[in-house]
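This report concerns only the one structure given below.
All chains are named by letter (A, B, ...) in the order of the sequence lines, taking the proteins before the strands, and each is independently numbered beginning at 1. Heavy atoms only: backbone and side chains are in, while hydrogens, waters and symmetry mates are out.
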Amino acid sequence: MQFTVQQIADALGAVAEGQTSLTILRAAEPGDAGPTDLAMAMSPKYAEALANGAARAAVLWDGADWQALGLEAAIFVQRPRMAMAGITSMLDRGQGIAPGIHPSAVIDETAEIGEDVSVGPLAVIGARAKIGKGSVIGAHCVIGMDAALGEGALLREMVSIGARAQIGDRFIAQPGARIGGDGFSYVTPEVSGAENARKTLGDQGDAKAQSWLRIHSLGAVEIGDDVEVGSNCTVDNGTIRNTVIGSGSKLDNLVHVGHNTRVGQDCLLCGQTGVSGSVEIGNNVVLGGQTGVADNIFIGDGVISGGGTKILSNVPAGRVIMGYPGVKMESHTEIYKAQRRLPRLARDVEALKKAVSKLPPSD
Amino acid sequence: MQFTVQQIADALGAVAEGQTSLTILRAAEPGDAGPTDLAMAMSPKYAEALANGAARAAVLWDGADWQALGLEAAIFVQRPRMAMAGITSMLDRGQGIAPGIHPSAVIDETAEIGEDVSVGPLAVIGARAKIGKGSVIGAHCVIGMDAALGEGALLREMVSIGARAQIGDRFIAQPGARIGGDGFSYVTPEVSGAENARKTLGDQGDAKAQSWLRIHSLGAVEIGDDVEVGSNCTVDNGTIRNTVIGSGSKLDNLVHVGHNTRVGQDCLLCGQTGVSGSVEIGNNVVLGGQTGVADNIFIGDGVISGGGTKILSNVPAGRVIMGYPGVKMESHTEIYKAQRRLPRLARDVEALKKAVSKLPPSD
Amino acid sequence: MQFTVQQIADALGAVAEGQTSLTILRAAEPGDAGPTDLAMAMSPKYAEALANGAARAAVLWDGADWQALGLEAAIFVQRPRMAMAGITSMLDRGQGIAPGIHPSAVIDETAEIGEDVSVGPLAVIGARAKIGKGSVIGAHCVIGMDAALGEGALLREMVSIGARAQIGDRFIAQPGARIGGDGFSYVTPEVSGAENARKTLGDQGDAKAQSWLRIHSLGAVEIGDDVEVGSNCTVDNGTIRNTVIGSGSKLDNLVHVGHNTRVGQDCLLCGQTGVSGSVEIGNNVVLGGQTGVADNIFIGDGVISGGGTKILSNVPAGRVIMGYPGVKMESHTEIYKAQRRLPRLARDVEALKKAVSKLPPSD
């Protein structure tokens with residue numbers, strides 16, 4: 001895989017200057033770049049390191065003086081991360097999963113495998129499963145019976161997809177992602193202490209100790225187009241209806257989505273975020289790393305949570321929240337600042353109490 | 001799999017009315033239900049949607065007017081989630097793991113496989129491992145040497161069970177669950193900064209930088225009857241003794257249980273909860289999602305923690321706790337309310353300081 | 001595997017007394033120990049239970065009266081956990097992965113397998129991958145193309161290592177660990193609400209709803225010597241440069257390390273800790289369980305965080321921190337104590353306000 005500087009600029013819709021016929025094999029950080037690398041130096045701060053490397057070509061910010069930086073060619077971009085999306089897509093060398101069906105794969109004879117599908121070593125594809133054309137199924141993947149995967153999927157190694165999952169086009173799953181485990185749903189024969197404590201906000205009442213009976217998951221998982229799920233993340237089956245991940249949404253590593261939950265479109269759920277069961281999440285929601293979401297609540301469109309936020313009640317659309325429990329970001333900041341001054345505040349109050357006690361009584 | 005309305009009512013020990021010979025193929029939400037579905041409409045709120053679907057039969061709350069809801073048959077239940085347990089258990093279509101031993105499975109000749117055991121494609125069963133009768137071992141599972149699994153187990157795909165694990169009857173493991181990884185246990189040759197900081201609550205002293213030596217796990221994992229573990233959850237081997245999960249306990253997705261820890265009976269550990277090493281957890285404990293438990297502490301019977309609680313010290317039996325660090329729920333609520341008023345409180349104190357400073361001196 | 005008491009003492013560099021020719025087969029807790037077990041009784045508290053067991057030999061603290069404890073032989077140690085490291089290493093029975101290459105493994109003909117390497121059933125090793133001599137590759141592992149693993153590795157079952165990963169000697173990976181999934185990195189064509197909210201600390205501005213474009217990971221993962229990664233933990237590929245885990249560092253179960261992050265040497269990242277992308281972590285850092293680290297920050301050498309800490313900004317070397325957001329441990333303790341007194345403080349302020357309002361006006 002190689003491109004000229006001009007070809008990369010053209011793909012980005014960007015302007016290139018200098019010797020744009022230079023051949024590029026890789027992208028590199030400015031200080032590590034060799035003569036066939038394209039140095040990523042989209043800000044003056046990063047460009048400083050060009051001198052430590054041997055780059056002949058770089059991606060620079062708009063208006064940069066490429067010749068003064070000792071380069072022979074340059075591409076100019078306005079939104080660096082957008083350029084990164086384009087360049088990394090062009091130069092991705094992938095995982096090398098060979099075309100065709102590996103002979104060690106175990107594919108049920110009733111499965112429907114589309115054109116130009118690759119299936120890696122030791123993958124298992126169940127009865128009546130459908131794999132859309134151009135999909136790549138990594139080594140050791142397991143696709144359950146009656147599951148359907150759209151076109152152009154990329155499943156890395158050891159991904160599992162449960163029976164009856166319905167997944168759209170261009171699905172990407174990182175290693176060990178689990179779609180369609182059963183939901184975590186149990187009930188005690190009589191009212192439990194946990195049920196009482198929820199109602200009373202803290203009192204278990206006189207509920208007796210009981211064992212848990214299992215509520216099976218009859219629903220499956222339904223995933224839209226252009227969804228990506230991270231390494232070892234888990235999306236559970238719904239109980240009666242399906243659990244849903246909307247088109248364009250991305251789940252990071254070790255994210256958990258509980259049964260019945262519906263995630264909208266174009267959401268980002270960052271690392272280790274956990275969403276309980278029966279949650280409704282709108283579109284364009286961004287949940288920062290290690291966010292937690294209590295069950296049976298609503299999160300409106302465009303909500304953003306900072307890292308570590310625990311969302312314990314409904315959140316209206318457009319709100320930016322943080323904290324445990326999550327509150328509006330500005331409230332959180334205000335509370336937090338007041339907290340840091342709290343020891344001083346306590347001393348002030350003690351001093352005031354003394355001062356006031358010494359004052360003459362207000363007859 | 002199909003049942004009449006009457007058969008389902010009988011299995012639930014519930015009363016049915018109307019045309020109870022109707023055939024049911026699936027359970028469905030009221031608005032999605034078709035003519036062969038049993039609509040789950042256990043409260044007036046859910047029953048409203050019956051009009052949007054085409055259900056002829058439904059499960060309703062006690063005393064509901066089924067004919068007014070346009071139904072031909074109904075089952076009446078008093079504790080809806082208990083009915084869900086019964087109905088979902090009857091109608092579960094499962095994952096379709098075929099009976100018998102798949103020819104691609106790699107089974108050590110010294111393993112003891114019980115009667116009517118199913119082993120999925122490419123599963124690996126080690127030396128002297130025992131699989132109890134009627135168990136279902138999913139595709140790509142790995143059972144370590146000398147491990148023992150009781151009767152009636154259901155292991156979904158890619159579950160791993162380490163050497164010497166001892167597991168009771170009716171064990172259920174969701175995809176990617178890991179039983180019997182080694183514990184996370186290290187030591188530095190001399191006292192480390194972390195050891196000092198624990199003792200002093202914050203001061204590392206003059207401990208020098210050192211490398212970590214590994215403490216191996218000689219113990220295994222011991223699991224009672226009727227335990228379920230979620231997708232990608234992890235239970236580590238003990239160091240000398242076994243790590244223990246008591247009968248009837250359920251672990252959700254991505255839950256972590258550290259080495260030597262003993263979880264009692266009938267506990268629920270909700271999504272992404274993490275329990276450190278050498279913790280003692282009683283019976284009927286419920287830990288909400290993303291709860292964290294520090295090492296070497298005790299949690300009494302019947303303790304309940306709210307989502308996101310970090311338990312840093314012993315908790316007496318029966319307590320309901322929340323927060324970071326976890327405190328009694330009512331204390332947490334009180335502290336939290338006071339926190340939200342904290343910025344106002346700070347302003348009040350400033351005003352008081354001014355007011356008092358303007359008062360005549362007290363003598 | 002069996003040793004005499006004397007052999008174990010010699011390996012530990014410790015003194016043994018009594019009948020040091022006794023044969024030891026296992027280590028055991030004092031109360032469980034049988035006649036061929038070595039009881040771990042390194043403190044008077046643990047030694048009490050010796051009476052409940054049948055140990056003839058024990059490891060004791062320096063100066064213990066072994067004869068009074070009814071033992072026939074004893075080993076005396078000064079730092080119990082160091083002794084545990086030595087003893088557990090000697091007595092580890094392992095997972096029983098057979099020597100040699102299992103015939104069911106799928107190994108690319110261009111892979112370079114070192115001497116005395118064991119490869120378990122159904123493992124997959126990709127093109128040009130290198131496995132250093134004496135390594136043990138567990139069942140169902142997948143090693144990507146062009147990945148290199150040093151000497152003496154131990155990979156438990158179902159470990160995956162992505163293409164181009166570079167890993168040093170004596171690497172240990174617990175079941176389901178994922179090295180080299182792609183990083184979680186996206187961009188919107190125009191400035192997003194999340195970008196605005198970060199800059200303004202809470203205001204999304206008028207950013208419109210947009211879909212996410214993927215930034216591919218061209219970098220890989222680079223791991224030093226003597227690194228261990230826990231069950232189901234995940235380390236992502238870098239975007240342009242590699243993600244790095246320094247020599248001697250240990251990652252616990254379900255730990256997440258994001259793209260581009262560099263973890264120094266001899267660090268401990270405890271259970272479920274999550275480190276975002278582009279973080280720089282120094283040497284000898286200890287992050288307690290469920291710690292979270294925001295992206296693009298620096299954590300100095302020797303930093304220690306308590307369990308549940310959320311690190312949202314740079315931390316200077318040597319600091320011990322705790323809380324959400326993480327602050328110096330002593331500040332955290334002070335804030336926490338003040339918080340618990342907060343409801344009382346609020347009542348005091350109310351009382352003061354009343355008292356002051358009743359005072360004569362100050363003029």
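- When all heavy atoms of A:Pro175 and C:Ser160 are compared, the pair lying nearest together is CB-OG, 3.7 Å.
- Within the 4.5 angstrom heavy-atom criterion, atoms from both the backbone and the side chain of A:Glu29 approach chain C.
- In this structure, chain A has heavy atoms under 4.5 Å from both the backbone and the side chain of C:Ala194.
- The contact between C:Arg164 and chain A is made entirely by side chain atoms (from C-beta outward), counting heavy-atom distances below 4.5 Å.
- At a 4.5 Å heavy-atom cutoff, the contact between A:Met40 and chain C is made by side-chain atoms alone.
- Heavy atoms of C:Thr200 lying under 4.5 Å from chain A are absent altogether.
- Between chain A and the options C:Arg178, C:Lys337, C:Met145, heavy-atom pairs under 4.5 Å are most frequent for C:Arg178.
- Most heavy-atom pairs under 4.5 Å with chain A, from the set C:Leu345, C:Leu213, C:Asp203: that is C:Leu345.
- The contact between A:Tyr336 and chain C is made entirely by side chain atoms (from C-beta outward), counting heavy-atom distances below 4.5 Å.
- Chain C forms the most heavy-atom pairs under 4.5 Å with one residue out of A:Ile97, A:Asn253, A:Ile172, A:Thr88, and that residue is A:Thr88.
- Ranked by heavy-atom pairs under 4.5 Å with chain C, the list A:Leu269, A:Asn283, A:Asp226 is led by A:Leu269.
- To the nearest 0.5 Å, atom CG of residue A:Asp92 and atom CD1 of residue C:Ile215 are 12.5 Å apart.
- Side-chain contact between C:Trp212 and A:Glu228 is absent, with no heavy-atom pair separated by less than 4.5 Å.
- For the atom pair CD of A:Gln95 and CG of C:Asp182, the computed distance is 7.0 Å after rounding to the nearest 0.5 Å.
- In this structure, chain A has heavy atoms under 4.5 Å from both the backbone and the side chain of C:His140.
- The greatest number of non-hydrogen atom pairs below 4.5 Å with chain A, out of C:Gly162, C:Pro189, C:Gly292, C:Ala207, is found for C:Pro189.
- Residue contact with chain C, scored on non-hydrogen atoms closer than 4.5 Å, involves the backbone and the side chain of A:Ser89 alike.
- In this structure, the side chains of A:Asp266 and C:Gln210 stay at 4.5 Å or more apart for every pair of heavy atoms.
- Here the side chain of C:Tyr324 pairs a donor or acceptor atom with the backbone of A:Thr309 at under 3.5 angstrom.
- Both the backbone and the side chain of C:Val142 have a heavy atom closer than 4.5 Å to some heavy atom of chain A.
- Looking at heavy atoms from C-beta onward, A:His102 lies in side-chain contact with C:Val106 at the 4.5 angstrom threshold.
- Among C:Glu334, C:Lys310, C:Gln204, the residue making the largest number of heavy-atom pairs under 4.5 Å with chain A is C:Gln204.
- For chain C, the nearby parts of A:Val349 are the backbone and the side chain; heavy atoms of each come within less than 4.5 Å.
- Heavy atoms closer than 4.5 Å to chain C are found in the side chain of A:Leu254, but not in its backbone.
- Using a 4.5 Å heavy-atom cutoff, the side chains of A:Arg79 and C:Val191 are in contact.
- Contacts between C:Ser276 and chain A at a heavy-atom distance below 4.5 Å are absent for every atom of the residue.
- A salt bridge does not link C:Glu195 with A:Arg81: every distance from a Lys NZ or Arg NE/NH1/NH2 to an Asp or Glu carboxylate oxygen is 4.0 Å or more.
- Most heavy-atom pairs under 4.5 Å with chain C, from the set A:Ala98, A:Gly94, A:Gly86, A:Ser247: that is A:Gly94.
- A salt bridge does not link A:Asp32 with C:Arg241: none of the charged nitrogens is closer than 4.0 Å to a carboxylate oxygen.
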Legend entry - Residues C:Asp146, A:Arg93; criterion side-chain contact (heavy atoms from CB on, under 4.5 Å); working and verdict: CA-CA 11 Å; C:Asp146 296 308; A:Arg93 288 175 285 168; over 6 Å; no
Legend entry - Test side-chain contact (heavy atoms from CB on, under 4.5 Å) applied to C:Val124 and A:Glu157, step by step: CA-CA 10 Å; C:Val124 175; A:Glu157 62 274 18; over 6 Å; no
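- Within the 4.5 angstrom heavy-atom criterion, no atom of C:Ala127 approaches chain A.
- The nearest pair of heavy atoms linking C:Ala338 to A:Leu342 is CB-CG, 3.6 Å.
- For the pair C:Phe184 and A:Leu251, the tightest heavy-atom approach, listed with the atom from each and the gap, is CE1-C, 3.5 Å.
- Between chain C and the residues A:Ser231, A:Ala139, A:Gly230, the most heavy-atom pairs under 4.5 angstrom are made by A:Ser231.
- Interface check for chain C: of the options A:Glu330, A:Gln265, A:Met322, the most heavy-atom pairs under 4.5 Å are formed by A:Met322.
- Here CD1 of C:Ile240 is found 8.0 Å from CG of A:Leu91. Values are rounded to the nearest 0.5 Å.
- Of the atoms belonging to C:Thr291, it is backbone heavy atoms, and not side-chain ones, that fall under 4.5 Å from chain A.
- Within the 4.5 angstrom heavy-atom criterion, only side-chain atoms of A:Leu122, from C-beta onward, approach chain C.
- Looking at A:Leu154, neither its backbone nor its side chain comes within 4.5 Å of chain C, counting heavy atoms on both sides.
- Of all non-hydrogen atoms in C:Ser331 and A:Arg340, the two that sit nearest each other are OG-NH2, 4.4 Å.
- Looking at A:Arg347, the atoms closer than 4.5 Å to chain C (heavy atoms on both sides) all sit in the side chain, from C-beta outward.
- Across A:Asn232 and C:Gly176, no two heavy atoms sit closer than the pair ND2-O, 3.2 Å.
- When all heavy atoms are compared, the tightest approach of A:Met329 to C:Leu201 is CG-O, 3.2 Å.
- A donor-acceptor pair is defined here as one N or O able to donate and one able to accept, closer than 3.5 Å; such a pair exists between the side chain of A:Gln272 and the backbone of C:Gln272.
- Taking NE2 of C:His256 as the start and SG of A:Cys270 as the end, the distance is 8.5 Å to the nearest 0.5 Å.
- Rounding to the nearest 0.5 Å places NZ of A:Lys353 at 3.5 Å from CG of C:Asp348.
- Only the backbone of C:Val255 comes within less than 4.5 Å of a heavy atom in chain A; its side chain stays farther off.
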